[in-house]
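Hydrogens, waters and symmetry mates play no part in the numbers below; they use all other heavy atoms, side chains included. Not measured: the values here are computed from a predicted model.
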Amino acid sequence: MSTSAATQTNRWQDVSAGLSIAGLLLPEAVAYASIGNLAPQAGILALFAGLLCYGVLGTSRFAIVSATSSSAAVLAAAMASMPGGTAGHRLMLMAGLVMLTGGFFLLAWVARLGSVTQFIAKPVLRGFSFGLAMVIIVKQLPGVLGVQPPQGDVLHLVPGVLAQAGQWNGRGAALCAAALLLLFLLRRAQRWPAGLIVIALGIGAGRWLDLPGHGVALVGAIDVSLAMPVLPRLTQAEWTRLAELAFALALILYAESYGAIRSFALKHGDPVAPERDLLALGMANVLAGLLQAMPVGAGYSATSANEAAGATSRLAGLVAAAVVGVIVLTLLPLVAFTPVPVLAAVVIHAVSHTLNPVALQPYFAWRRDRLLVLAAIAGVLLFGVLDGLLVAIAISLLLMLRRLSRPGMSVLGRLGESHDYVKLALHRNARAQPELLILRLDEPLFFVNAERSLHLARALVEERTGPLRKVILSLEESPDLDGSSVEALRDFAAFVRQQGLSLALARLKEPAYTVLQLALGDMLAVQGGPALLLSELSVAEAVRLLDAAAPEK
């Protein structure tokens, strides 16, 4: 096939994919707006902002940027933490929050902070998503059953709904169950717009069965008329509070977005450009804020649907935006007649993929990070969406500091006749070298563990039986050294030389090598005493250098 023919085929595939996912994106946009306690147009305008900005500025050929379930839930939690006011003022607060979120993305792009997602460990993110899905699903119950939502957090919602059992609307529950069943059945056919089909059938069922007359609520009128973008007029105190919330929202959105983008890039061997995606997400959220729409990110479910529909480039997202625009201009008034239980079914189906314990099972099988997963789930349920995530992140950082603060020190020996030096406790064939003690720090050296680690190294020097003339300390796990670590190493070097021993610091990375030259320069300059050497090379090379500097007697 010629290049032009292949290009033409790819364009048609993108058009087909855009047509397919448009039917998924519009219902989900309306559904996510309900999660955020917003009018449907907030989700629809966010969809346009995300698709257009990422289609022009983004890098992933599969990513679909729109409102997501997690961003909607975090937005609702953030707005609930703000003091009350008129509906118009709260809309300004939301717009300010979304714009600041975009601003943080742009600042991260300028500072080239594409690795910012590493602050959220994957077990924390997966546990958070699992707990968030539980919260979102539980919060759909009052709308499905036609009862008043109880006051308080999600833990009080279920008992409150059960207390109103006598007022449950059976028709609403049955309609939601039927819509859910149809959505899961249609999930197998990726090219079918399942959400749009279910909403169309729900509208038909609502009119045929006169559901409003039986107490089943409808979505209501949707107005997506565009006004001139305006900057929110807020007080300095409100901007400050919104900035705190926007930082957390940006962190969550980018972690979710980059996870989806990177997963499909690895699957297809595509390159990733985190900084460029920061720019695209930043501009999309700034535009969404100016339009008083929801925050946007690259959701995994929409991106997966785009890939399954056969997309080959970002053109699919732009086509989807155009198709959604046509639907909005022609058929949007009909969406107002959608029964609320049907919309709740769309929400539940959209988040159901994250409510899969299989994604969490490896952490329990590996016996690693189980506490983080459980802490993230419990945090969302006990403390709410934002505070729960922050609690889980704090626990992950504390556990990391606890692990790193424990001094890990290995004694190395030579493996047979090779030039490899390995941990004696793990390799039976390794042997300690005569008159030589080789130590390796197994954790990065920094201010928390520096004193304890080098105190352990001193103890090993003092406990060594038999003649000892040389000590090698490998710092391969420490690419750089802070001031506390340099001071501790200086004290250790002085101690070793007081014992009449030669010392080599091996496997030094360039930053560590440079700072130790400055810190230990006076010791390196001393002549006639035990050698003190700095080596960027291997332990074997350090052994050779020490032998050359202090030949055997």
Side-chain angles (χ1 to χ4, degrees), residues 406-446 449-479 481 485-510 512-517 519-553:
R406 295 177 176 178
M409 189 76 66
S410 298
V411 179
L412 307 185
R414 187 174 179 180
L415 188 61
E417 298 300 320
S418 70
H419 295 288
D420 297 325
Y421 288 82
V422 296
K423 189 172 181 177
L424 290 172
L426 294 180
H427 298 269
R428 295 180 179 179
N429 295 333
R431 294 290 180 266
Q433 299 299 289
E435 300 186 337
L436 174 62
L437 176 63
I438 305 175
L439 304 175
R440 182 184 66 200
L441 284 164
D442 293 332
E443 301 290 350
L445 196 66
F446 70 121
N449 65 9
E451 291 292 340
R452 297 175 65 187
S453 296
L454 293 172
H455 178 76
L456 178 57
R458 288 191 187 200
L460 290 171
V461 171
E462 294 173 338
E463 293 169 3
R464 170 67 181 258
T465 58
L468 179 63
R469 299 181 58 239
K470 295 168 286 187
V471 176
I472 295 176
L473 179 62
S474 176
L475 294 169
E476 59 193 80
E477 297 296 332
S478 303
L481 299 169
S485 302
V486 173
E487 287 186 28
L489 283 169
R490 184 178 174 85
D491 292 342
F492 178 70
F495 161 77
V496 172
R497 298 195 69 181
Q498 286 171 4
Q499 304 296 312
L501 307 175
S502 296
L503 172 66
L505 301 178
R507 300 296 299 274
L508 296 175
K509 306 296 191 298
E510 183 179 354
Y513 185 86
T514 302
V515 72
L516 287 177
Q517 277 188 315
L520 304 180
D522 55 335
M523 295 185 183
L524 292 170
V526 173
Q527 301 295 325
L532 173 59
L533 302 173
L534 304 179
S535 175
E536 298 178 279
L537 303 176
S538 65
V539 170
E541 179 65 14
V543 172
R544 187 189 67 78
L545 291 173
L546 274 184
D547 287 341
E552 299 290 343
K553 295 181 180 180

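Contact record, Leu454 with Leu489: CD1-N, 3.4 Å, taken as the closest heavy-atom pair. What you find for Ala457 and Phe492 is that their closest heavy atoms are CB-CE1, 3.7 Å. Heavy-atom minimum distance, Leu475 versus Leu508: CD1-CD2, 3.5 Å. Closest approach of Lys470 to Leu468, counting heavy atoms only: O-CD1, 3.4 Å. Taking each heavy atom of Ala506 and Ile472 in turn, the nearest pair found is CB-CG2, 4.0 Å. In this structure, Ser410 and Asp442 approach most closely via the heavy-atom pair OG-OD2, 2.5 Å.
With rounding to the nearest 0.5 angstrom, the CG atom of Leu545 is 10.5 Å from the CG atom of Leu534. Once rounded to the nearest 0.5 Å, the distance linking CD of Glu487 with OG of Ser485 reads 9.5 Å. From Leu501, atom CG reaches atom CG of Leu532 across 12.0 Å, with rounding to the nearest 0.5 Å. The OG atom of Ser502 sits 8.0 Å away from the CZ atom of Arg497 when rounded to the nearest 0.5 Å. With rounding to the nearest 0.5 Å, the separation of CG in Leu503 from CG in Leu437 is 10.5 Å.
Remark: the backbone N or O of Asn449 is not paired with any side-chain donor or acceptor of Glu451 at under 3.5 angstrom. Looking only at distances, a side-chain donor or acceptor of Arg431 sits under 3.5 Å from a matching main-chain atom of Arg428. A donor-acceptor pair is defined here as one N or O able to donate and one able to accept, closer than 3.5 Å; such a pair exists between the side chain of Lys509 and the backbone of Glu476.
The side-chain hydrogen bond (donor to acceptor under 3.5 Å, both in side chains) test applied to Arg490 returns Asp522, not counting sequence neighbours. Arg414 pairs by the salt bridge (charged side-chain N to carboxylate O under 4.0 Å, His left out) definition with nothing, not counting sequence neighbours.
Screening Glu477, Arg507, Met409 for a side chain to side chain contact (heavy atoms under 4.5 Å, CB included) involving Leu441 leaves a single residue, Met409.
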field: Step-by-step side chain to side chain contact (heavy atoms under 4.5 Å, CB included) determination, Leu520 to Leu505
entry: CA-CA 11 Å; Leu520 304 180; Leu505 301 178; 3.9 Å; yes

- request: Using the side chain to side chain contact (heavy atoms under 4.5 Å, CB included) rule, take Tyr421 and Gln433 through it: C-alpha gap first, then chi angles, then the decisive distance, then the call.
  value: CA-CA 10 Å; Tyr421 288 82; Gln433 299 299 289; 4.1 Å; yes

task: For side chain to side chain contact (heavy atoms under 4.5 Å, CB included), just list the numbers for Asn429 and Val422, CA-CA rounded to whole Å, side-chain angles, deciding distance to a tenth of an Å, and then say yes or no.
output: CA-CA 10 Å; Asn429 295 333; Val422 296; over 6 Å; no

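In this structure, Arg464 and Val411 have side chains that are not in contact, with every pair of non-hydrogen atoms separated by 4.5 Å or more.
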